[in-house]
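Heavy atoms only: backbone and side chains are in, while hydrogens, waters and symmetry mates are out. Below, read A as the first sequence line, B as the second, and so on, with proteins coming before strands; counting in each chain starts at 1.
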Amino acid sequence: MDTLPEAEHVPMQDTRGRFGPYGGRYVPEALIAALDELDREYQAARADDSFGAELDHLLTTYVGRPTPLTEAKRFGAEAASGARVFLKREDLTHTGAHKINAVLGQALLTRRIGKQRVIAETGAGQHGVATATAAALMGLECVIYMGEEDTRRQALNVARMRLLGATVVPVSTGSRTLKDAINEALRDWVTNVDTTNYIFGTVAGPHPFPTMVRDLQRVIGVEARQQILDTVGRLPDAVAACVGGGSNAMGIFSAFVDDADVALHGYEAGGDGVATGRHAATITAGAPGVLHGARSYLLQDDMGQTVESHSISAGLDYPGVGPEHAWLKDSGRATYEPVDDSAAMEAFQLLCRTEGIIPAIESAHALAGARRLGEALGPDAVIVVNLSGRGDKDLDTAARWFDLLDENGDQQ
Amino acid sequence: MTTAVVFEKARAEGRSALVGYLPAGFPSVEGSITAMRALVDSGVDIIEVGLPYSDPLIDGPVIQAAADAALRAGTTTPDVLRVVEAVAATGAQAVVMSYWNPLARYGPERFARDLAAAGGAGVITPDLTPDATDDWIPPARAHDLDTVFLVAPSSTDERIAMTTAQCRGFVYATSVMGVTGTREQVGDAAAVLVERTRKTTDLPISVGLGVSNADQAAEIAGFADGVVVGSAFVRRMLEADDDAAGVAEVAELAGSLAEGVRRR
């Protein structure tokens with residue numbers, strides 16, 4: 001596997017980790033030393049064959065990579081206007097989502113740096129579960145920050161993390177979701193930076209996180225690109241992925257970004273509809289600003305205060321987005337559109353019924369996008385969808401949405 | 001304007017300057033002005049006017065609670081400037097403490113202009129290091145404002161030198177690794193950091209994070225030019241029975257701290 005090589009297009013203007021006018025480091029001085037250390041160690045690890053070999057070994061024997069590329073024939077025929085839709089099956093990884101790819105790399109780095117404690121934020125809980133998993137595997141102390149609201153929405157994942165030995169800290173400040181979990185994790189880091197590494201879940205945050213997490217997720221796109229060539233004999237017309245912070249999307253996009261004929265489509269959480277103001281469509285409806293240490297698009301008011309996001313999907317419920325997505329948007333290389341809760345849930349159900357695959361609600365946003373692409377591109381089109389996670393964690397939400405609980409059951 | 005004159009005066013008096021933080025708009029815009037005036041009357045030399053922000057990642061729960069309350073009450077950036085104007089009218093120096101995004105959104109040039117017009121002396125930027133952007137220092141210089149950046153125990157000597165070279169007015173040394181909040185001990189790390197910082201600059205150095213009582217203020221005053229107190233004031237206002245009681249509480253604490261920075 002070719003896990004670590006960097007995509008060549010990346011417009012790194014300087015050592016501050018910028019993508020055009022986005023990215024950078026807007027953090028308290030107290031964190032700079034740790035970010036520099038992380039960047040230095042990551043660069044050294046990239047150049048160290050034994051690090052890459054150890055990571056590849058884990059990805060193969062522990063995560064289950066390469067993940068398959070599955071053609072969703074019935075979904076394509078019945079739900080995507082006859083287009084050929086291929087699913088990159090990150091839902092089949094150990095822990096059930098793409099998050100594990102970047103976590104293992106960062107956990108190995110933690111060990112390399114010599115720290116014994118890791119912290120992480122989590123929204124849907126998938127990144128927290130992946131971090132708790134890696135911590136258990138490597139014998140690291142693990143603390144996960146999770147918005148109080150999300151601990152309710154994703155109660156099963158809280159239990160999973162605790163089973164794996166992690167401490168889960170519910171965050172009751174601000175909007176009590178992912179945004180506030182990141183604030184709290186950063187506060188922990190600034191206090192305990194001597195002993196602690198922050199395993200970040202997405203391609204946002206201060207440099208080097210956007211670059212490092214993208215590189216560690218790039219394995220998704222590298223595999224998918226080869227698999228589609230092997231299966232169809234040509235590159236796809238379009239690649240679709242959901243975008244919250246944007247790590248699964250950057251992971252798959254980065255391997256196709258130099259293929260000019262492959263359209264890259266990111267689907268943001270439209271919530272109740274962008275017009276209602278209750279959404280998480282950061283690129284569609286936000287404006288450039290700084291949140292969590294990087295400059296990117298951001299949902300904010302006239303005073304620069306962060307506006308709360310809304311989505312049925314906890315993993316996309318974030319008012320920021322990774323800076324490289326902002327750059328891909330401005331440069332026109334990728335396009336971003338919102339998918340409302342209802343469209344995502346319709347696609348969710350369609351995949352269940354046509355393919356026997358229950359996707360994460362996050363990934364269902366990309367499936368809804370694939371339906372639009374199928375309609376626009378027609379039956380000759382080849383579309384690769386990053387199925388970033390599985391839907392086990394979302395069964396409660398889905399059961400309520402579709403009213404699937406027995407009349408006599410606990411429908412409270 | 002510049003805070004440098006305050007430090008010169010304090011030095012001439014053989015003491016450290018006392019810097020007091022309160023968030024603008026808490027408990028209300030008028031209430032915050034009343035509380036800040038009380039700090040000035042009780043011996044605080046420089047008022048740090050906090051611009052409430054939704055994601056204050058270097059602040060502990062006390063200041064975040066007050067900032068959240070100020071935002072819920074609808075406090076805006078123009079309100080903050082109005083508070084600065086009221087503090088400056090007392091003759092005390094006012095500096096704004098703000099995270100970067102609200103300033104970026106308002107427009108750095110516009111903010112510098114309006115702050116100078118309000119009589120403000122400068123801005124402390126807790127999440128902006130001098131090398132993070134080129135957008136702040138030029139307008140601040142153009143409008144004769146202090147640019148106060150932070151140094152931390154984890155800063156390398158190179159970064160301390162880079163930072164102090166871009167500071168104007170004073171340097172803000174964070175006493176411990178962590179967020180704002182009162183602490184039992186502020187300890188040796190602060191003294192070491194001040195000593196390292198002195199090697200790079202002649203600017204006054206103020207120490208903040210964790211200072212809550214006169215004894216701590218006196219200890220810090222033994223090696224620093226300024227002592228910053230924030231959470232201890234905010235906590236008294238949060239816990240007071242009513243606004244008037246809160247003002248009386250912060251005035252009493254300010255008086256005690258003012259005595260502390262004069263102990264030698």
Side-chain angles (χ1 to χ4, degrees), chain A residues 14-18 21 23-37 171-175 179-196 205-207 287-296 298-308 319-320, chain B residues 51-61 64-65 67-68 70-71 74-80 98-107 111 125-135 149-156 158-160 162-163 172-174 176-181 193 209:
Chain A
D14 53 33
T15 55
R16 295 187 290 188
R18 291 187 179 270
R25 267 185 195 169
Y26 298 80
V27 295
E29 168 66 19
L31 283 180
I32 296 285
L35 291 167
D36 276 344
E37 176 184 53
V171 176
S172 58
T173 53
S175 62
K179 161 181 98 68
D180 306 282
I182 294 175
N183 290 336
E184 213 54 41
L186 285 167
R187 290 180 184 125
D188 180 315
W189 203 28
V190 83
T191 306
N192 301 300
V193 69
D194 282 349
T195 60
T196 299
H207 178 68
V290 169
L291 176 67
H292 295 144
R295 188 167 188 277
S296 185
L298 167 65
L299 297 179
Q300 58 180 326
D301 67 14
D302 290 347
M303 295 294 134
Q305 308 290 346
T306 311
V307 171
E308 283 183 29
Chain B
L51 193 157
Y53 176 51
S54 54
D55 295 274
L57 58 84
I58 200 175
D59 282 311
Q64 184 167 19
D68 283 349
L71 290 174
T75 307
T76 64
T77 303
D79 289 334
V80 174
S98 181
Y99 292 85
W100 177 241
N101 198 54
L103 302 189
R105 187 69 167 163
Y106 193 85
F111 188 81
T125 47
D127 66 342
L128 195 73
T129 55
D131 55 343
T133 179
D134 299 325
D135 292 346
F149 297 103
L150 277 57
V151 292
S154 61
S155 302
T156 60
E158 292 74 22
R159 286 199 62 85
I160 291 174
M162 181 278 291
T163 303
Y172 191 125
T174 52
V176 290
M177 294 299 288
V179 297
T180 57
L193 177 59
L209 291 200

Report summary line: Comparing B:P126, B:P153, B:A104 against chain A, the one with the most heavy-atom pairs below 4.5 Å turns out to be B:P126

Query - Interface moiety of A:N192 toward chain B, non-hydrogen atoms closer than 4.5 Å - result: neither

Query - Atom group of B:L103 that falls short of 4.5 Å from chain A, counting heavy atoms - result: neither

**Report entry** Top contributor to chain A interface from B:D131, B:L128, B:V151, B:D68 [non-hydrogen pairs under 4.5 Å]
**Finding:** B:D131

Report summary line: Tightest non-hydrogen contact, residues A:D302 and B:R105, listed as O-CG, 3.3 Å

Query raised in the report: By a 4.5 Å heavy-atom criterion (distance strictly below it), what part of A:L298 contacts chain B: side chain, backbone, both, or neither?
Result: side chain

**Report entry** Nearest atoms (heavy-atom pairs only) where B:S155 meets A:E29
**Finding:** OG-OE2, 2.8 Å

Report task. Flag the one option from A:L291, A:L186, A:V27 with the top tally of heavy-atom pairs under 4.5 Å to chain B. Result -> A:V27

Requested in this report: With a 4.5 angstrom heavy-atom cut-off, could you sort out which part of B:Y106 is near chain A: side chain, backbone, both or neither?
Outcome: neither

**Report entry** side-chain contact (heavy atoms from CB on, under 4.5 Å) partner of A:V290, the single match among B:T133, B:N101, B:D55
**Finding:** B:N101

Query - Which portion of B:P56 sits near chain A, non-hydrogen atoms under 4.5 angstrom - result: both

Query raised in the report: Considering only heavy atoms, which portion of A:V193 lies under 4.5 Å from any heavy atom of chain B: side chain, backbone, both, or neither?
Result: side chain

Query raised in the report: Can you tell me if A:Q305 uses its side chain to pair, donor with acceptor, with the backbone of B:T76 under 3.5 Å?
Result: no

Query raised in the report: Which atom pair, heavy atoms only, marks the closest approach of A:R187 to B:L57?
Result: CG-O, 3.1 Å

Query raised in the report: Once you round to the nearest 0.5 Å, how far does CE of A:M303 lie from CG of B:D79?
Result: 8.5 Å

**Report entry** Check: A:E37 and B:S154 side chains under 4.5 Å, non-hydrogen atoms
**Finding:** no

